[in-house]
There are 2 protein chains.
Amino acid sequence: MQHYTRRFQDFIAEKRMKWTQQREAVVHALWTTEEHVTCEELAARLAAQGRRIGLATVYRNLRLLVDAGLAREFHSGGASVRYERYIEDDHHDHLICERCGNTVEFLDEKLESLQEELARRHDFRLTGHKMYLYGICNRCRSSS
Amino acid sequence: MQHYTRRFQDFIAEKRMKWTQQREAVVHALWTTEEHVTCEELAARLAAQGRRIGLATVYRNLRLLVDAGLAREFHSGGASVRYERYIEDDHHDHLICERCGNTVEFLDEKLESLQEELARRHDFRLTGHKMYLYGICNRCRSSS
DNA sequence: ATCATTGCAAAGCCTTTGCACGCGC
DNA sequence: GCGCGTGCAAAGGCTTTGCAATGAT
């Protein structure tokens, strides 16, 4: 069994929900797709494979996949939301206070996806990145 | 006259469009608002000031303001798009090819706004940032 | 057997569009 | 006066929801 199927099953089990053929089909369809797809496109792809699944079900399960950390959403300004399979990693970026030097590490999936979009726009295949945000933290602002 | 009004007027004139009371009201309302607003919120704000302006007109003019470089859009996942006044600057980020060292400088308003959002989330007042994306450029990919 | 999930269709929301009227040029 | 811009209402498109039937445990 594919690792993504297993992870989705675990997530479903943990939430005391039920594992269905549709859920298996949706996670498989998303994870065997390279591009960012809309719900409708994914449903069409499934239909083409003979897996006719209601659009509402696709919507519902893509949302679940996002919750499970197996998909990510893009609201890029187009008409509909797009989804992509997502592999979590432990990468993080930095937010540094210029006054006290305190550093916050954070991970933001919107940032990650935007970076990928930017690289794609310039025809680069992304291999890594570094980002540092500089500012004044809350505590330093109130004590001045 | 406020600089934003002037810039919007210039933009409108350049496009050979017409300057209207509504356009003036919308640019003023957006530029005297700190938060990110939806079209509906902005229309409500205008109505509260006695400037009753059709929702469609607000939509149309906010889009114009984005084109004019005086506003920016946020598709942050919520129900509706939010707008914020925007001051362009010449800041840019970097995309670097790990193989040939070629560097592309770019500026992306979605990235800028996301960075602001991240800083806000951690209660920082943003003063600056550095971002470097690393990847393999198109030319290096095809010549290997 | 029980209760979550599905599928369909209907409803909901945000946004855009069509069109008559009015205003800027 | 001409034509663009506005306002209203209607249409449009994506997403969610209600509900009866189905399927999983």
Side-chain angles (χ1 to χ4, degrees), chain A residues 5 8-30 36-47 49-68 71-83, chain B residues 1 5-6 8-30 36-47 49-68 71-83:
Chain A
T5 307
F8 194 27
Q9 270 189 0
D10 289 351
F11 176 85
I12 293 297
E14 203 175 315
K15 295 254 175 190
R16 257 136 252 205
M17 294 190 281
K18 291 174 179 172
W19 185 249
T20 63
Q21 299 183 355
Q22 287 89 335
R23 292 196 165 137
E24 175 152 16
V26 169
V27 70
H28 183 260
L30 185 70
H36 298 180
V37 287
T38 62
C39 287
E40 210 132 15
E41 285 163 3
L42 204 67
R45 199 174 281 256
L46 284 158
Q49 297 165 16
R51 304 294 333 251
R52 202 167 309 284
I53 294 181
L55 198 49
T57 300
V58 177
Y59 272 104
R60 288 189 277 235
N61 284 316
L62 280 176
R63 175 172 285 188
L64 274 179
L65 282 166
V66 171
D67 295 347
R72 97 200 333 178
E73 272 179 30
F74 297 81
H75 304 258
S76 337
S80 31
V81 177
R82 294 190 164 275
Y83 291 86
Chain B
M1 181 193 300
T5 307
R6 171 159 198 82
F8 195 25
Q9 271 189 1
D10 289 352
F11 176 84
I12 293 297
E14 203 176 313
K15 295 255 174 186
R16 256 133 253 206
M17 295 190 279
K18 292 173 179 173
W19 185 249
T20 63
Q21 300 182 355
Q22 287 88 337
R23 290 193 169 142
E24 175 151 14
V26 169
V27 70
H28 183 259
L30 185 69
H36 298 181
V37 287
T38 62
C39 287
E40 210 132 14
E41 285 164 4
L42 205 67
R45 198 173 281 255
L46 284 158
Q49 296 164 16
R51 306 290 336 250
R52 204 168 307 285
I53 295 181
L55 198 50
T57 299
V58 178
Y59 271 105
R60 288 188 276 236
N61 284 317
L62 280 176
R63 177 172 283 190
L64 273 179
L65 281 167
V66 172
D67 294 347
R72 100 207 325 184
E73 273 178 29
F74 297 81
H75 304 260
S76 337
S80 31
V81 176
R82 294 189 164 274
Y83 291 85

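Labels below follow one simple rule: chain letters A, B, ... track the order of the sequence lines, proteins then strands, and each chain is numbered from 1.
- A:Lys15 has its NZ atom 15 Å from the P atom of C:dA4, to the nearest Å.
- Taking every side-chain heavy atom of A:Ile53 into account, C:dG7 is the closest of D:dT16, C:dG7, C:dG24.
- Regarding B:Gln21, its CD atom lies at a distance of 15 Å from the C1' atom of C:dC25, rounded to whole Å.
- As a whole-Å value, the separation of B:Leu42 CG from C:dC14 P is 16 Å.
- Of all heavy-atom pairs spanning B:Arg82 and B:His36, the tightest one is NH1-O, 2.8 Å.
- With D:dT15, C:dC25, C:dT15 as the candidates, the nucleotide lying closest to the side chain of A:Val81 is D:dT15.
- Residue B:Gln9 contributes atom CD, which lies 13 Å from atom C1' of C:dG24 at whole-angstrom precision.
- B:Glu24 places its CD atom 11 Å from the P atom of C:dG24, with the value rounded to the nearest Å.
- Looking only at side-chain heavy atoms (C-beta outward), B:Leu64 and B:Ile12 come within less than 4.5 Å of each other.
- Closest to the side chain of A:Thr20, from the set D:dC14, C:dT17, C:dT6, is C:dT6.
- Here A:Arg16 does not reach the OP1 or OP2 of C:dA4: none of its side-chain N or O atoms lies under 4.0 Å away.
- The nearest whole Å value for the distance from the CD atom in A:Glu73 to the C1' atom in D:dT15 is 11 Å.
- Annotation: side chain of A:Val27 is not in contact with side chain of A:Arg23 (no heavy-atom distance under 4.5 Å).
- An OP1 or OP2 oxygen of D:dT6 is reached within less than 4.0 angstrom by no side-chain nitrogen or oxygen of B:Arg52.
- Between B:Asn61 and D:dT6 there is a side-chain N or O to OP1 or OP2 distance below 4.0 Å.
- At least one side-chain heavy atom of B:Glu73 sits under 4.5 Å from a side-chain heavy atom of B:Tyr83.
- For A:Gln22 and C:dG7, the shortest distance from a side-chain N or O to OP1 or OP2 is below 4.0 Å.
- Here A:Arg63 lies in heavy-atom contact (under 4.0 Å) with sugar-phosphate atoms only.
- Interface remark: the A:Arg60 side chain does form a donor-acceptor pair with the C:dG7 base, using a distance-only criterion of under 3.5 Å.
- Comparing A:Ala56 and A:Leu64 against DNA chain C, the residue whose closest nucleotide sits nearer the 5' end is A:Leu64.
- Distance B:Leu55 CG to D:dG5 P: 18 Å, rounded to the nearest Å.
- An OP1 or OP2 oxygen of C:dT15 is reached within less than 4.0 angstrom by a side-chain nitrogen or oxygen of B:Tyr59.
- Going from atom CZ of B:Phe8 over to atom P of D:dG5 covers 10 Å, rounded to whole Å.
- The base of C:dC23 does not come close enough to the side chain of B:Lys18 for any donor and acceptor atom to sit less than 3.5 Å apart.
- Side-chain nitrogen and oxygen atoms of B:Thr57 include at least one within less than 4.0 Å of the OP1 or OP2 phosphate oxygen of D:dG7.
- Within a 6.0 Å radius of CD in A:Glu40, other residues, nucleotides and ligands contribute 12 heavy atoms or fewer.
- What you find for B:Ala43 and B:Val58 is that their closest heavy atoms are CB-CG2, 4.1 Å.
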